[in-house]
Amino acid sequence: LLGSNPLLIHDPSFIISFACIYSICLFHQPLNNWMHFMPSWMRSSLALSIAVWIGITPVLVYYFNYISIINIFLNVLAVPIVFLITLAGFVAVVLGIFLPSLALFIFAASYYLLKLLYFISEKALLLPFTGFHIPTLPEYINFLYYLVPLMMVEDFWKYRSLGFKRGYKAAIIVGVCVVMITNMMPSRYLKLYFIDVGQGDCSVIRTPDHKVILVDGGGSSDWQKNSYDIGKQVTVPALLHIGVWQVDTVIVSHIHDDHLGGVLSILDAYKVGQVILPASDRYGEGEFTSENLEKLQELCSNKNIPLRHLQANDSIITNKLSLKILSPQKPYIQNTDSDVNNNSLVFKLTYKDFDALFTGDIQQEAEQTLLQKDIQCDVLKIAHHGSPYSSMEGFVELTDPELSIISVGKNNYGHPSKEVIGRLEKAGSLVYRTDAQGAVMLSTEGKKIKIKTVR
């Protein structure tokens, strides 16, 4: 298969299929022998199911960030049913050549067996403790994982010397200790992720001391109507994929649904240290309130998550970097096209010689108030998805970014506008768009910037 198509090595179904085969070959017999106290008809099926589970769990975590517990028991039922489905299919195909009418009845039996399998799986997933989500683990942890069940393989283990066995066990213990120490030690790198959440905003800041700051959560004004929750379907899986275990700070730049909507699912899925809103949204009336804001406040209250309102001259400081709040500032901007947008929480992230400016959805009125501040940066998160009423020429010239990130999706607003792209290119800034490049990841040790995109 790989000889005809080497790229299959990246195909999840290919990897999972052969992982199952190797798992059965390696682990089924040792498990079957170990469970000698069980009836033979149950022992073999259960040993096979556990063998597959042991072998493919890291693969499933890598691709789907999920560990299933119920599938150990489901496979005991599924394997004989699938065998009958396959057998019926082959028999029906052969009979169809000679007796097509009889073949239809056998195909019907195969169909109802499929329905039965689907019904059992669907109902089983409704049970409690069927499984749990887990963030992506580093490859070296998967390597250490496979060293442990390898000790079950008799042909590998039985004929080894006592010294080898002791050394093998010691290597596993040392490896686990090294992994634990390594994960506890601070890194040199700051990482920024700009997640592709469609027509919305979501950024993740991973500090060198392993703190996670989430800036907005994506969402849409229509997600409640079409039952598609951006936070649950996109943002949370993205956080799991990049290996986030908990979120220390959630910053909501403003309360519009394409920024706030997805945060609700994040609060449900993760342990969150604190939530920060712009001080302008404290009013809780008129344009400065929303149904999702009320849900956010209720969730924070129920989960005892501190809810803070920040404005200009406030700051968030960790051991390695600082976030200085530049806006909103009193008197808050009023009587504009969108007061909520213009009073977005704007902050400048500083790590050694590196600066990034996060701008929410501010428009030209708010940009004017920032021209007297230190807004020069290496990376600029473009305001309002590239709206022509933001990122005005004077603002772009003063920020002078090397890189500009536009979080945007399919829309009817003309975002990002040609005028904004032109201003950025005129300023000599490289432009990355989540609708074109997918998610964008930046890493820096404080000077040089490395860039990686999904597409």
Side-chain angles (χ1 to χ4, degrees), residues 1-2 5-28 48-72 74-75 78 121 125 129-153 171-172 175-176 178-180 182-184 187 189 191-197 202 204 206 210 212 214 231-247 265-266 269-271 437-443 450 452-455:
L1 286 171
L2 290 175
N5 183 6
L7 291 179
L8 278 175
I9 196 66
H10 298 291
D11 183 79
S13 59
F14 175 88
I15 294 170
I16 290 169
S17 296
F18 281 94
C20 288
I21 296 298
Y22 283 119
S23 301
I24 294 169
C25 292
L26 289 171
F27 307 131
H28 174 257
L48 183 142
S49 186
I50 295 174
V52 169
W53 184 85
I54 290 172
I56 68 169
T57 289
V59 181
L60 298 181
V61 169
Y62 179 81
Y63 283 108
F64 307 109
N65 296 111
Y66 189 75
I67 293 179
S68 174
I69 305 300
I70 195 69
N71 69 353
I72 295 174
L74 278 178
N75 282 337
S121 302
L125 290 174
F129 308 113
T130 56
F132 55 92
H133 290 283
I134 182 172
T136 300
L137 300 170
E139 283 77 2
Y140 54 80
I141 291 182
N142 293 331
F143 175 74
L144 280 174
Y145 169 90
Y146 281 119
L147 290 180
V148 176
L150 199 57
M151 290 190 290
M152 290 192 303
V153 181
I172 293 175
V176 171
V178 169
V179 167
M180 292 175 65
T182 302
N183 286 335
M184 291 170 62
S187 166
Y189 288 92
K191 294 183 179 180
L192 305 180
Y193 303 85
F194 298 89
I195 309 298
D196 179 11
V197 290
C202 180
V204 180
R206 298 189 77 165
H210 309 299
V212 175
L214 180 82
K232 184 177 181 180
Q233 304 294 335
V234 178
T235 313
V236 170
L239 293 177
L240 290 169
H241 184 70
I242 62 177
V244 172
W245 288 85
Q246 71 174 39
V247 179
S265 295
I266 293 160
Y270 275 98
K271 179 182 178 182
Q437 281 90 28
V440 180
M441 188 197 86
L442 309 178
S443 64
K450 296 179 181 179
K452 185 179 180 181
T453 61
V454 168
R455 295 195 289 273

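Values in this document were obtained by computation on a predicted structure and should not be read as measured data.
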Backbone of S265 reached by a side-chain donor or acceptor of Y270 within 3.5 Å: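 Not at all, since once roles are kept as given, no pair shorter than 3.5 Å links the two residues.
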Expected output: side-chain W245 to main-chain K271 donor-acceptor under 3.5 Å: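 No.
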Any chance you could measure [X], atom [atom1], to [Y], atom [atom2], to the nearest 0.5 Å?
X	Y	atom1	atom2	answer
Y189	R206	OH	CZ	15.5 Å
I141	N183	CD1	CG	5.5 Å
T235	D196	OG1	CG	10.0 Å
I50	N75	CD1	CG	10.5 Å
H210	Q246	NE2	CD	12.5 Å
I69	T130	CD1	OG1	8.5 Å

May I ask you to test the [X]-[Y] pair for a side-chain heavy-atom distance under 4.5 Å?
X	Y	answer
W53	I67	yes
Y193	L442	no
T453	F194	no
I15	Y63	yes
L147	L144	yes
Y66	L240	no
M152	I54	yes
M151	I172	yes

Sequence-distant partners of L60, side-chain contact (heavy atoms from CB on, under 4.5 Å), two or more places apart: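 By the side-chain contact (heavy atoms from CB on, under 4.5 Å) rule, L60 matches I16, I56, F64.
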Those residues that, when tested against I24, pass side-chain contact (heavy atoms from CB on, under 4.5 Å) (two or more places apart): H28, L48, V52
Whether over 12 other heavy atoms sit under 6.0 Å from Y146 OH: yes
Crowding at OH, Y140 (>12 non-hydrogen neighbours, <6.0 Å): yes
Contacts of type side-chain hydrogen bond (donor to acceptor under 3.5 Å, both in side chains), residue S443, not counting sequence neighbours: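 S443 satisfies side-chain hydrogen bond (donor to acceptor under 3.5 Å, both in side chains) with no residue once adjacent residues are dropped.
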Among L239, L214, V204, V440, the one residue meeting side chain to side chain contact (heavy atoms under 4.5 Å, CB included) with I195: V204
Audit row: Y145, L137, side chain to side chain contact (heavy atoms under 4.5 Å, CB included) steps and yes/no: CA-CA 11 Å; Y145 169 90; L137 300 170; over 6 Å; no
